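Notes follow the structure.
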Amino acid sequence: MVKLSEKEKAAHKAAFQAMSPAEKAEHIFTYHKWTILLVLLVLLILGSVLHRQLTQKKPVLYLAVINTSFGEDVEKSLTEDFLNEAGFDARRQEVYLYRDLYLSEDADTLNHEYAYASKVKLGGAMSAEKLDLVLMNREAYDIFSQQGYLLDLTSLPNEFSPYLTENGVILSDNSVDYLLGNAAQEQVVTETVPNSLAVSSLPLFRDAGFDGDLYLGVVSNSPRQEAAAEYLRYITGISPRH
């Protein structure tokens with residue numbers, strides 16, 4: 001880069017000062033446009049990050065909805081109304097919903113990829129400890145229960161007894177070894193555990209026109225079990241403990 005003398009610098013300065021405002025703007029953009037564009041890009045990125053930080057809500061619970069759907073009124077009851085009832089700030093906190101999930105052991109060709117994608121998504125959410133509650137139909141309930149994904153709800157207070165539902169949990173399964181010829185006979189050991197609430201009869205779901213039975217379970221590795229228990233109380237209408 002050629003270094004200008006003091007005389008040349010003064011001449012450039014005088015020439016710039018003699019320009020009209022429009023000419024000055026054109027001159028600046030012509031000789032400094034890449035610097036200007038870079039600064040604008042940095043400001044845009046910083047503004048985007050700042051906006052996200054200021055507006056992003058912190059999940060107090062993660063809820064997956066499997067093999068069922070609902071309208072805006074029910075969604076509001078499952079999310080905002082719970083937050084308000086439990087004393088959370090709905091402006092800064094949320095119940096995060098995993099929507100449009102589908103699980104089936106007998107998925108046909110059309111739905112097989114959909115079921116597989118849902119299974120992967122749910123597995124990732126559980127591995128990341130970002131899944132606390134599951135609202136599901138009977139088929140999804142059977143799948144979650146058999147895999148041991150649901151928390152044993154035996155310790156819940158007696159008020160929950162009318163809603164508690166039992167299902168089978170697979171403790172051991174040698175079907176793979178049996179198919180490979182490494183076991184003389186197939187053996188599947190199961191036990192029955194109360195691991196979900198039957199919620200279809202509750203006003204929130206009964207009056208919303210759901211087809212079939214609905215179940216609400218707590219994921220076994222949820223790190224937010226206290227908030228999940230509060231959610232169960234809210235859904236069933238059981239008064240919180242003080």
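Because only heavy atoms are used, hydrogens play no part in the values below, and waters and symmetry mates are left out as well, while side chains stay in. Because the structure is predicted, anything quoted here is derived from the model rather than measured.
In this model, a donor atom of one side chain and an acceptor atom of the other lie less than 3.5 Å apart for D142 and N167. Checking N195 against S145 by side-chain atom types alone, a donor-acceptor pair falls below 3.5 Å. Defined by atom type and a distance below 3.5 Å, a donor-acceptor pair is present between the side-chain atoms of D152 and T154.
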Practice item. Before giving the answer on ring pair (Phe, Tyr, Trp, His ring centres under 6.0 Å), spell out for Y96 and Y98 the whole-Å C-alpha distance, their side-chain angles and the decisive distance to 0.1 Å. Key: CA-CA 7 Å; Y96 186 92; Y98 296 99; 5.1 Å; yes
**Study point:** CA sep, side-chain torsions, deciding dist, call: V60, Q93, side-chain contact (heavy atoms from CB on, under 4.5 Å)
**Key:** CA-CA 6 Å; V60 298; Q93 297 169 297; 3.6 Å; yes
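Rounded to the nearest 0.5 Å, atoms CZ (R91) and CD (E80) are 12.5 Å apart. Considering CZ of R206 and OG of S200, their distance stands at 11.0 Å, rounded to 0.5 Å. One distance of note links OG of S118 with CG of N67; it measures 8.0 Å at 0.5 Å rounding. In this structure, CZ in R92 is found 10.5 Å from NZ in K57, a value given to the nearest 0.5 Å. Once rounded to the nearest 0.5 Å, the distance linking CD of E230 with CZ of F88 reads 7.5 Å.
Under the 4.5 Å side-chain heavy-atom criterion for Ile, Leu, Val, Met, Phe, Trp and Tyr, L151 and L197 are members of the same hydrophobic cluster. In terms of hydrophobic clustering, with Ile, Leu, Val, Met, Phe, Trp and Tyr side chains grouped at heavy-atom distances under 4.5 Å, I235 and I238 are assigned to a common cluster. V134 and V218 are assigned to two separate hydrophobic clusters, defined by single-linkage of ILVMFWY side chains at heavy-atom distances under 4.5 Å. Criterion: ILVMFWY side-chain heavy atoms under 4.5 Å apart, direct or through other members. Under it, V219 and V65 are not part of a common hydrophobic cluster. L101 and L133 are assigned to two separate hydrophobic clusters, defined by single-linkage of ILVMFWY side chains at heavy-atom distances under 4.5 Å.
Contacts of A90 classified as side-chain contact (heavy atoms from CB on, under 4.5 Å), with partners at least two apart in sequence or in another chain: L83, N84. With sequence neighbours left out, K119 forms a salt bridge (charged side-chain N to carboxylate O under 4.0 Å, His left out) with no residue at all. With sequence neighbours excluded, the residues satisfying side-chain hydrogen bond (donor to acceptor under 3.5 Å, both in side chains) with Y215 are R138. Shown here are the side-chain contact (heavy atoms from CB on, under 4.5 Å) partners of E75, two or more places apart in sequence or in another chain: F70, T79, L97, R99.
F82 places a side-chain heavy atom less than 4.5 Å from the side chain of L61. Counting only heavy atoms from C-beta outward, the side chains of E166 and V193 never approach each other to under 4.5 Å. Under the 4.5 Å side-chain criterion, counting only non-hydrogen atoms from C-beta, I66 is not in contact with I143. Side-chain contact check for Y141 versus S196: some heavy-atom pair is nearer than 4.5 Å. Using a 4.5 Å cut-off on side-chain heavy atoms (C-beta onward), Y234 and D81 make contact. Side-chain contact between V199 and L214 is present, with heavy atoms from C-beta onward closer than 4.5 Å. In this structure, the side chains of L204 and L78 come closer than 4.5 Å at one or more pairs of heavy atoms. By the 4.5 Å heavy-atom criterion applied to side chains, L216 and T236 are not counted as neighbours.
Of all non-hydrogen atoms in Y62 and L131, the two that sit nearest each other are CB-CA, 3.7 Å. For the residue pair S220 and G148, the shortest heavy atom distance occurs at OG-O, 3.6 Å.
Counting only residues at least two apart or in different chains, ring pair (Phe, Tyr, Trp, His ring centres under 6.0 Å) contacts with residues 148-171 comprise F144-Y149. Residue pairs meeting the salt bridge (Lys or Arg N to Asp or Glu O under 4.0 Å) criterion with at least one member in residues 125-135, sequence neighbours excluded: D132-R224.
A distance-only check finds no donor-acceptor pair linking the side chain of N111 to the backbone of Y114 [under 3.5 Å].
The number of heavy atoms from other shown groups lying within 6.0 Å of CG (D89) is above 12. Residue E85 places its CD atom among 12 or fewer non-hydrogen atoms of other residues, nucleotides or ligands, all under 6.0 Å distant.
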